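Note that the structure is predicted; figures quoted are calculated from it, not measured.
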Number of protein chains: 2
Amino acid sequence: MKIDPSDLRRVSVFKEATDDDLSLFVENSILRMVEEGEFFFFQGDPAKYFYILVSGKAKLLQSNPAGQQVNLRTINEWQMFGALGAVRPDAIYPATAQALEPCTALAIESVFLHDALQTRPYLNFGLMQLMTGYIQEMQERYRELATERVERRIALTVLRLAAQIGKRSGGEETMVELPLSRQDVAEASGTTIYTVSRVLSDWERRGLVETGRERVLIKNPHGLVQISEGLDQ
Amino acid sequence: MKIDPSDLRRVSVFKEATDDDLSLFVENSILRMVEEGEFFFFQGDPAKYFYILVSGKAKLLQSNPAGQQVNLRTINEWQMFGALGAVRPDAIYPATAQALEPCTALAIESVFLHDALQTRPYLNFGLMQLMTGYIQEMQERYRELATERVERRIALTVLRLAAQIGKRSGGEETMVELPLSRQDVAEASGTTIYTVSRVLSDWERRGLVETGRERVLIKNPHGLVQISEGLDQ
DNA sequence: TGTCTTATTTGCGCCAGCGCAAAGAGGGAT
DNA sequence: ATCCCTCTTTGCGCTGGCGCAAATAAGACA
């Protein structure tokens, strides 16, 4: 597989990059394939590389000492991840990255980005915008987890995942397909597979979604928005 | 009150700044006093200024539509807050900032920092380090909220607050004083004042802390660490 | 010193959501 | 077509923690 440097411009941080810069990054990258369920890196490893997902989907997760997991973020094509190491020289990955589907990704040494940041202001800005986005998302999700009931949280989570990794489904207007197991949704909304299953079954009875093995099809996004805002019942 | 530019070097972002730069920031700042309980800015306001806390303590909080609050971060002297506006041009504050004590703070226009970032690489790096720190803290707290029991979460919260805003108390070795109400702790750990009260009373019976009105004195930090790691009982 | 306000404690009842366990369903491999 | 593995569903019982309400304590202020 060959990566055209100009493809990199789909990465938000590289939106403003020159062609030369893009070529430079591609030349200094390694293409890595990761099987479904396998890992890019583990929480605690030295953050030697950062990644750009070329195809597939992945998730960032964190485990507590007892091994319970939470999903921090879902990663789609042309998103950058594991880039904190470029900012802190001795950094370790604060989370684990796992492939949700068979993935290909460009791996680039953190120091390479670190050095590039020194001389390319646009990269600094792009990276900071990315970071402020994460901060805001994490703050919101934290508040949701602290203050909202499960059903609402699951609705918010499903909607967020739909925006991040959903595929418009069929010929239909607003149907969105999500390749996620109950486990994935539970980890992303801070609950259990049992509760997710019960809630999804209920939604299915109400015609809001269609579910299947490792699959959620959103038939009525507006209905989910109403639930997420507590406007239903 | 007069601010000596060199005091600004205590702000992590300005660690590497030149004297000239520091003076420039001070000259372009307004000194704002905020009474205890009053607000620097509200979630949703246009992020026109960022702040550097000169004295006092403050907190960043977020409210959900129903008005329930969660504490996102506690701010101590010489910490910068509300700086996201410098990165996104049309930004609004994603959280509310409220004084925990009478506060004085330097207010500087976001665009001033924005412009300064263009020409001063050290600022970019400082700000990014700050951001990665927040991201990691929020990720951890999110995981804790999702996977840990309340008592453990309260222990983790109290220890974190002790590190961020605690004052070494008395002549004693490891006693730390926190000027926080049950409400503050509840909002910071994602629970209720009732549960915080019950847990603190229990800890007091076990000799780990001493409590008072809007006050927590940690007598045995190691004991709290044990609780936070689930090593007690 | 007495009054008022606000913070804290604690008894009590309740229920949302957890998690076991067992049954059911989907899909890949041979 | 059948086996097998993994994912999902759902009944059931349980409990951690919520939150009301009432009592108590600690300051603030006159």
Side-chain angles (χ1 to χ4, degrees), chain A residues 35-38 64 66-70 98 100-102 144-158 177-206 209-217 227 230 232-233, chain B residues 35-37 64 66-70 100-102 144-158 178-206 209-217 227 230 233:
Chain A
E35 302 288 308
E36 178 169 344
E38 293 304 306
N64 74 356
Q68 287 171 84
Q69 301 186 344
V70 291
Q98 183 177 23
L100 288 171
E101 306 174 353
E144 287 167 12
L145 194 51
T147 66
E148 309 296 353
R149 289 270 150 92
V150 262
E151 185 181 20
R152 211 185 280 198
R153 259 163 38 217
I154 295 174
L156 286 159
T157 301
V158 168
E177 176 97 32
L178 290 171
L180 295 170
S181 68
R182 304 297 172 274
Q183 182 79 38
D184 292 321
V185 177
E187 286 172 8
S189 53
T191 179
T192 63
I193 51 170
Y194 312 110
T195 300
V196 170
S197 176
R198 282 184 259 264
V199 168
L200 288 184
S201 295
D202 181 44
W203 289 351
E204 186 150 30
R205 259 171 251 125
R206 292 157 65 185
V209 300
E210 211 175 283
T211 64
R213 193 189 167 95
E214 297 178 301
R215 193 180 80 92
V216 178
L217 175 70
I227 289 172
D232 61 323
Q233 294 142 26
Chain B
E35 301 288 306
E36 178 168 345
N64 73 355
Q68 288 171 82
Q69 301 185 345
V70 290
L100 288 171
E101 307 174 352
E144 287 167 14
L145 194 52
T147 65
E148 309 296 352
R149 290 272 148 94
V150 259
E151 185 182 20
R152 211 184 282 199
R153 259 162 39 216
I154 295 174
L156 287 159
T157 302
V158 168
L178 290 171
L180 296 170
S181 68
R182 304 294 173 275
Q183 183 80 38
D184 292 322
V185 177
E187 285 172 9
S189 54
T191 179
T192 63
I193 51 168
Y194 312 110
T195 300
V196 170
S197 176
R198 283 185 258 265
V199 168
L200 288 184
S201 295
D202 181 43
W203 289 353
E204 187 152 29
R205 260 173 250 125
R206 291 157 64 184
V209 299
E210 210 174 284
T211 65
R213 194 189 167 95
E214 295 179 303
R215 194 181 78 91
V216 179
L217 175 69
I227 290 172
Q233 294 143 26

Please report, rounded to the nearest Å, how far the [atom2] atom of [N] is from the [atom1] atom of [X].
X: A:Q68; N: C:dG19; atom1: CD; atom2: C1'; value: 12 Å
X: A:Q183; N: C:dC18; atom1: CD; atom2: P; value: 13 Å
X: B:R149; N: C:dG17; atom1: CZ; atom2: P; value: 15 Å
X: B:I154; N: C:dT8; atom1: CD1; atom2: P; value: 13 Å

Side chains of B:P102 and B:E36: does their closest heavy-atom pair fall under 4.5 Å? yes
List the residues meeting side-chain hydrogen bond (donor to acceptor under 3.5 Å, both in side chains) with [X], not counting sequence neighbours, and say none if there are none.
X: A:N64; value: B:T147, B:E148
X: B:R149; value: none
X: A:E204; value: A:T211

For DNA chain C, which residues in residues 186-200 of chain A have a heavy atom at a distance below 4.0 Å? A:T191, A:T192, A:Y194, A:T195, A:R198
Heavy-atom pair of closest approach, residues A:P179 and A:E101: CG-OE2, 3.8 Å
If you compare all heavy atoms of A:R215 against all heavy atoms of A:E210, which two are closest, and at what distance to 0.1 Å? NH2-OE2, 3.6 Å
Applying salt bridge (Lys or Arg N to Asp or Glu O under 4.0 Å) to B:R213 and not counting sequence neighbours gives none
5' to 3' on DNA chain D, which nucleotides open and close the contacts with chain B (atom under 4.0 Å from a heavy atom)? D:dG16 to D:dA26
Heavy atoms only, 4.0 Å cut-off, all strands: where does B:R152 land among base, sugar-phosphate and nothing? nothing
Inspect the surroundings of CD in A:E35 and state if more than 12 heavy atoms from other residues, nucleotides or ligands are less than 6.0 Å away. no
Residue pairs involving residues 192-202 of chain B (criterion salt bridge (charged side-chain N to carboxylate O under 4.0 Å, His left out); sequence neighbours excluded): B:D202-B:R205, B:D202-B:R206
Inter-residue atom distance B:I154.CD1 - B:I227.CD1, 0.5 Å rounding: 10.0 Å
If you round to the nearest 0.5 Å, how far is OG1 of A:T157 from CG of A:L178? 11.5 Å
Walk me through it: do A:V199 and A:V150 pass the test side-chain contact (heavy atoms from CB on, under 4.5 Å)? CA-CA 9 Å; A:V199 168; A:V150 262; 5.6 Å; no
Tell me which donor-acceptor pairs under 3.5 Å the side chains of residues 184-197 of chain A have, and how far apart each pair is, sequence neighbours excluded?
from: A:D184; atom 1: OD1; to: A:K59; atom 2: NZ; distance (Å): 3.0
from: A:D184; atom 1: OD2; to: A:S181; atom 2: N; distance (Å): 3.1
from: A:D184; atom 1: OD2; to: A:S181; atom 2: OG; distance (Å): 3.1
from: A:E187; atom 1: OE1; to: A:K59; atom 2: NZ; distance (Å): 3.2
from: A:E187; atom 1: OE2; to: A:Q183; atom 2: NE2; distance (Å): 2.9
from: A:S189; atom 1: OG; to: A:V185; atom 2: O; distance (Å): 2.8
from: A:T192; atom 1: OG1; to: A:T195; atom 2: N; distance (Å): 3.3
from: A:T192; atom 1: OG1; to: A:T195; atom 2: OG1; distance (Å): 3.2

Under 3.5 Å, which N/O atoms of the protein pair with N/O atoms of nucleotides 25-30 of chain C?
from: C:dG26; atom 1: N3; to: A:R213; atom 2: NH1; distance (Å): 3.3

If you fit an axis to the five pairs at each end of the helix from C:dT1-D:dA30 to C:dT30-D:dA1, how big is the angle between those two axes, to 10 degrees? 40°
